[in-house]
Asker: 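Could you have a look at this structure, given as structure tokens, before my questions?
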Number of protein chains: 2
Amino acid sequence: MKSSLRDLRAKAELSQADLAELLGVSRQTINAIETEKYSPSLELAIRIARYFESNVEEVFHVD
Amino acid sequence: MKSSLRDLRAKAELSQADLAELLGVSRQTINAIETEKYSPSLELAIRIARYFESNVEEVFHVD
DNA sequence: TTCATATGTAAAGCTTGCTTTACATCATCG
DNA sequence: CGATGATGTAAAGCAAGCTTTACATATGAA
């Protein structure tokens, strides 16, 4: 599962830790998603997309 | 996590077993999502939304 | 150089998503 | 009536998502 999370986060000038706190997850979770260690849960994917005023399919896409 | 999966599936006149096979998951997985036993993975949520020519946020929504 | 910030990664442990197998109920059809 | 299909549910087991703690490395500021 690829995503544009890193780009969106960079544009927003947020660190992984910043975003993690804003979303209520651990920094490692954000890092794992960005480095493609695993996919977020549906709940978290929706929260992420919503935070960046986007939608799930735009932020995340199957390889 | 609520969803309009049951409605969409009914409109398409598919049984849980039919849809499961089309999506490559078990019937119990479809049933569990419809009865809110658990949320689908992000991958599966995207596949479901795509199958019904919709998008994740339209098919699934946080309680 | 020293310190702080940002990122990557690892291990252990808990929870959740999904599987297979199995059984129960209900409706419909012959 | 008996058979079939659709749905609900349960248990056991494996895989994946997420946590906390911890350490390593790089970069930039003082």
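Numbered from 1 within each chain, the chains take letters A, B, ... in sequence-line order.
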Asker: Is there a side-chain contact between Leu44(B) and Leu42(A), using heavy atoms and a 4.5 Å cut-off?
Answerer: no

Asker: Looking at residues 16-32 of chain A, who's got a heavy atom less than 4.0 Å off DNA chain C?
Answerer: Gln16(A), Arg27(A), Gln28(A), Asn31(A)

Asker: Considering only heavy atoms, which members of residues 47-63 of chain A lie under 4.0 Å from some atom of DNA chain D?
Answerer: none

Asker: Report the residues that fulfil salt bridge (Lys or Arg N to Asp or Glu O under 4.0 Å) with Glu43(A), sequence neighbours left out, ordered by chain and then residue number.
Answerer: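 Glu43(A) satisfies salt bridge (Lys or Arg N to Asp or Glu O under 4.0 Å) with no residue once adjacent residues are dropped.
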
Asker: Please name all residues satisfying side chain to side chain contact (heavy atoms under 4.5 Å, CB included) with Leu22(B), sequence neighbours left out, ordered by chain then number.
Answerer: Leu14(B), Tyr51(B)

Asker: Are any side-chain N or O atoms of Glu57(B) and backbone N or O atoms of Val56(A), one a donor and one an acceptor, separated by less than 3.5 Å?
Answerer: yes

Asker: The criterion is side chain to side chain donor-acceptor pair (under 3.5 Å); which residues satisfy it with Asp7(A), sequence neighbours excluded?
Answerer: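 So Asp7(A) forms no side chain to side chain donor-acceptor pair (under 3.5 Å) with any residue.
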
Asker: Go nucleotide by nucleotide along DNA chain C from the 5' end; which of Arg9(A) and Lys37(B) gets its closest nucleotide reached first?
Answerer: Arg9(A)

Asker: Got a sec, which residues hit side chain to side chain donor-acceptor pair (under 3.5 Å) with Ser3(B), two or more places apart in sequence or on another chain?
Answerer: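 Per chain and number, Ser3(B) pairs via side chain to side chain donor-acceptor pair (under 3.5 Å) with no residue.
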
Asker: Specify the separation, in whole Å, of atom OH of Tyr38(B) and atom P of dC18(D).
Answerer: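 Going from Tyr38(B) (OH) to dC18(D) (P), I get 16 Å.
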
Asker: First and last nucleotide of DNA chain C touching chain B, 5' to 3', heavy-atom cut-off 4.0 Å?
Answerer: dG17(C) to dA22(C)

Asker: Produce the list of close N/O pairs, under 3.5 Å, pairing protein atoms with atoms of nucleotides 25-27 of chain D; give distances to one decimal.
Answerer:
none

Asker: Mind checking salt bridge (Lys or Arg N to Asp or Glu O under 4.0 Å) for Arg6(A) and listing every partner two or more places apart, or none if nothing turns up?
Answerer: Glu34(A)

Asker: Decide yes or no on side chain to side chain contact (heavy atoms under 4.5 Å, CB included) for Thr29(A) and Tyr38(A), but give the supporting numbers first.
Answerer: CA-CA 9 Å; Thr29(A) 291; Tyr38(A) 53 74; 3.7 Å; yes

Asker: Would you please name every residue forming a side chain to side chain contact (heavy atoms under 4.5 Å, CB included) with Ala10(A), sequence neighbours left out?
Answerer: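 Partners of Ala10(A) under the side chain to side chain contact (heavy atoms under 4.5 Å, CB included) test: none.
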
Asker: Taking side chain to side chain contact (heavy atoms under 4.5 Å, CB included) as the definition, give me every residue that meets it alongside Glu58(B), ordered by chain and number, with sequence neighbours left out.
Answerer: Ser54(B), Asn55(B)

Asker: Looking at side-chain heavy atoms only, is the closest gap between Leu8(B) and Lys11(B) below 4.5 Å?
Answerer: no

Asker: Do you know which two heavy atoms are closest between Met1(B) and Asp63(B), and how far apart they sit?
Answerer: N-OD2, 3.1 Å

Asker: Residues two or more places apart in sequence or in another chain: which of them pass salt bridge (Lys or Arg N to Asp or Glu O under 4.0 Å) with Lys2(B)?
Answerer: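 Partners of Lys2(B) by the salt bridge (Lys or Arg N to Asp or Glu O under 4.0 Å) criterion, ordered by chain and then number, come out as Glu36(B).
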
Asker: For dG8(D) and Arg6(B) - does any side-chain N or O of the residue sit under 4.0 Å from the phosphate oxygens OP1/OP2?
Answerer: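 Looking at the OP1 and OP2 atoms of dG8(D), one of them is under 4.0 Å from a side-chain N or O of Arg6(B).
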
Asker: Rounded to the nearest angstrom, tell me the gap between atom CG in Leu5(B) and atom P in dG8(D).
Answerer: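 The distance from CG of Leu5(B) to P of dG8(D) comes to 11 Å, rounded to the nearest Å.
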
